[in-house]
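Sequence lines set the chain letters: A, B, ... in the order given, protein chains first and strands last, and positions in each chain run from 1.
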There are 2 protein chains.
Amino acid sequence: MPNPIRIRCFHLAVLLVPAALAAQSPPDTSFLARYRPAAGRLIAAATADTAAWLRVAELTDRFGPRPNGSASLERALDWVLDELRRDGLENVHAERAMVPHWVRGAESLELSEPWRAALPMLGLGGSVATPPGGIEAPVLVVSDSADLFTHADQARGRIVLFDAPYRGYGVTVRYRWMGAIWASRAGAVAALLRSVSPFEMRQPHTGVTHYDASARAIPFAAVSIEDAMMLHRMQGRGQPVVVRLVMSARTLPDAPSRNVVAELRGAERPDEVVVISGHLDSWDVGTGAMDDAGGFVAAWQALLLMHRLGLRPRRTVRLVGWTNEESGTRGGLAYRDAHARRLGDHDVAIESDAGAFRPTGFGFTGTDSAYALVRRIGPLLAAIGADSVTRGGGGTDIEPVMERGVPGMSLDVDGPRYFWYHHGNADTVDKLDPRDVARCVAAMAVMAYVIADMPESLPHPSNAPTRR
Amino acid sequence: MPNPIRIRCFHLAVLLVPAALAAQSPPDTSFLARYRPAAGRLIAAATADTAAWLRVAELTDRFGPRPNGSASLERALDWVLDELRRDGLENVHAERAMVPHWVRGAESLELSEPWRAALPMLGLGGSVATPPGGIEAPVLVVSDSADLFTHADQARGRIVLFDAPYRGYGVTVRYRWMGAIWASRAGAVAALLRSVSPFEMRQPHTGVTHYDASARAIPFAAVSIEDAMMLHRMQGRGQPVVVRLVMSARTLPDAPSRNVVAELRGAERPDEVVVISGHLDSWDVGTGAMDDAGGFVAAWQALLLMHRLGLRPRRTVRLVGWTNEESGTRGGLAYRDAHARRLGDHDVAIESDAGAFRPTGFGFTGTDSAYALVRRIGPLLAAIGADSVTRGGGGTDIEPVMERGVPGMSLDVDGPRYFWYHHGNADTVDKLDPRDVARCVAAMAVMAYVIADMPESLPHPSNAPTRR
């Protein structure tokens, strides 16, 4: 899932761009007539079976979670490369990227007062460790940053717990990103975070955090919503609240990893490229089925269906399975750099990274003229309810090429439960409905095929550092 | 929550008794007119604030989970006794019961193959331990008992996992109750259970199990629904599945505990008793807010409201906070024995143990003539939607006195999520809506007050071993 800062930009984009554009032009009937047969075949093939869901299950069952720097991620990448070749896809290869290598290690949070219990917790990605015996300290619970600044004089020597209620991921995740810095500036010895999720099931949710030069790096971990509220109530009642936090997390030297690539070469303009993608790394809890094995498999199966149905478009469709979405976007950055001179030939980069729930359509970021071209494709997806094409789309991994002018798109889904499971132990394949995963495949296939085949190339912004 | 066998009987009772009785008699308007003022005052007072929810929060926050034999349960009982006295209630005292003392100890389940991960697990109450180093063995996953018997020749030396989908608590909990025995008879070295819950959030759910003389006692633990399904898929795919189960559970000598009692003595017939109750013990995970701090507090606050409003009925209303609902009903049995000669004077025993969710009414078990008397009370609870009075009601703790002829009632609630949290880490007070807890108080107060005050005593069955 996109990093905190990026996702906020997308949300703003959705808000700021007038929706009026959507009503400008009538459906292009000749365009639709030309592509309806291929779209129908792709949709029928995608929704005929549960192959895509089974592939998500196999990928996640075979390798479990796939954290950056881990052997399991690299084994999963090897397996995907083998399967891509077995599928008969073209130009299957890996593209190297060095990724951050944070290792959780043993960790625990014990409530020492007013009673003893192990509280469910997850250290945040990138956090430093505690000393070996842990840090035992009284807790200062604050509701938000203002509350911390109001009570900053009470933070010194304490463990600060941010009990900030969920107000949307893009808003509340700021506490995960900034919490250790804010707490440290106030003199806290460690920080805890109410998990960034709208749903209470005593689950901690991890995710990346960071430090800066303004304050000493202190250990930072997520607790369940329930425990954040309970410790807050205890504080309000005047009960002593003491916890012992133990974390042995380590940041090792960057590790080698890879983006995986496969193609269907274009029949007429093979140097022009439509990228369809998802990421293969995950956090080290759950099995990363929603975030983002399902998204990658949707793109993978989309390419495979074009291949199997003999639908070879004019341009090349390139599948990319990104590494390192979760903690540095090194896969996306490596791709940008390796293909820097060819980005002008990238028509669009599409990413699916919001969970393979029921698709509703696509979000698009690019010029008005490019938007007008892709909007025509929406009606071809009406049969599966994925015909919405709106302004504002992208993804963490494709952001680096979007910043160079490549139009970006995201597969939009009806996934209100995404953040119930996100970055937690319950992100597992059973949460995905095989029919929805199949519809995601269909949506990715139709959108990518038609963009890759239509006569017009998608223009880049006139000021983009890419040609065209 | 009632034990597996009992809850099934209640369900059957609901099914078997013709609903026709419910339509026999028109509302008794003079009866309703007489009790409407008191009912209105109780409902208004109960729903005027969030005092009851705050008390559930305080009880669960102060003492945490309250497993049988623990110091935390006994400290909670001391606190409740003190509070009952501070509330000015009458005849506040404890009644001793010896309870089973099972201690979980350190435990873990590690997936060894096909990849390594700690899987969320909870040993089942009463389970034996593994040897100190644990038991590492290949897993045989079965869908149900028939599947085990079909593949019994493959169970020897393995850890059998029952991946039985949830088909209602009363049906599926049979695997928790019988699983260790069945697996052991087939030669398994340990057993695992897909948690008995309709909801997937990677949570294990504990609960009591047992052994019998037919097979060697083997360790038995619950895993999450997700992991049960995943191991099942792995087996189907031919992947090797090996786990290491470590449990250090111990069953210690029975420990002293107590039922807590408080009363509002009857104005005219103080020897006749209406019992309102919930249980104070819980499992050792979560904080037992739904199961059953909320139920006990609903009964407690009901008594307190009668006291505060000066509503002293003809008969005595007796609040009982049971010990040991979860693993032996020793509180209910001790009460039955201590009051054996007075059970004929018990008009009814009411228990609230289905979570303090929005109340819908009461279930009743007793004679037709007694049912006709209590049915008249329902309309007094129409204002809060709790006016349903149906056949079939009871509770684990009141079962022992019901077996001696005392009519039994349960507070019925609209709690489809009860089994999402039941016996797990997420059974915490935030799941309860303060307005619903207040309505539970109102329902318990009105039902108990009117039964305790109405001219007619509730008859016992003519063949009951109690007088009347």
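For the pair Trp115(A) (side chain) and Pro65(B) (backbone), a donor-acceptor distance under 3.5 Å is absent.
Val285(A) does not touch chain B: none of its heavy atoms, backbone or side chain, sits under 4.5 Å away. In this structure, the portion of Thr60(A) lying under 4.5 Å from any heavy atom of chain B is its backbone and not its side chain. The part of Gln239(A) that comes within reach of chain B is its side chain, from C-beta onward, which places non-hydrogen atoms under 4.5 angstrom from that chain. With a 4.5 angstrom heavy-atom cutoff, Arg75(A) does not touch chain B via any of its atoms. If you measure heavy-atom distances from Ala57(A) to chain B, the contacts under 4.5 Å come from both the backbone and the side chain. Of the two parts of Phe199(B), only the side chain, counted from C-beta on, holds a non-hydrogen atom closer than 4.5 Å to a non-hydrogen atom of chain A.
Between Arg62(B) and Met234(A), the closest side-chain pair of non-hydrogen atoms is not below 4.5 Å.
Arg202(A) pairs with exactly one of Asp427(B), Asn425(B), Thr428(B) by the side chain to side chain donor-acceptor pair (under 3.5 Å) rule, that one being Asn425(B).
Atom CE in Met201(B) sits 7.5 Å away from atom CH2 in Trp420(A) (nearest 0.5 Å). Going from atom CG of Asp61(B) over to atom CE of Met229(A) covers 10.0 Å, rounded to the nearest 0.5 Å.
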Evaluate the criterion side-chain contact (heavy atoms from CB on, under 4.5 Å) for residue pair Glu226(A) and Lys431(B); output intermediate values, then yes/no. CA-CA 9 Å; Glu226(A) 287 93 329; Lys431(B) 310 304 185 307; 2.7 Å; yes
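For Arg237(B), the CZ atom counts as densely surrounded, since its 6.0 Å shell holds more than 12 non-hydrogen atoms of other residues, nucleotides or ligands.
With respect to the salt-bridge test (charged N to carboxylate O, under 4.0 angstrom), the residues Glu58(B) and Arg233(A) do not qualify.
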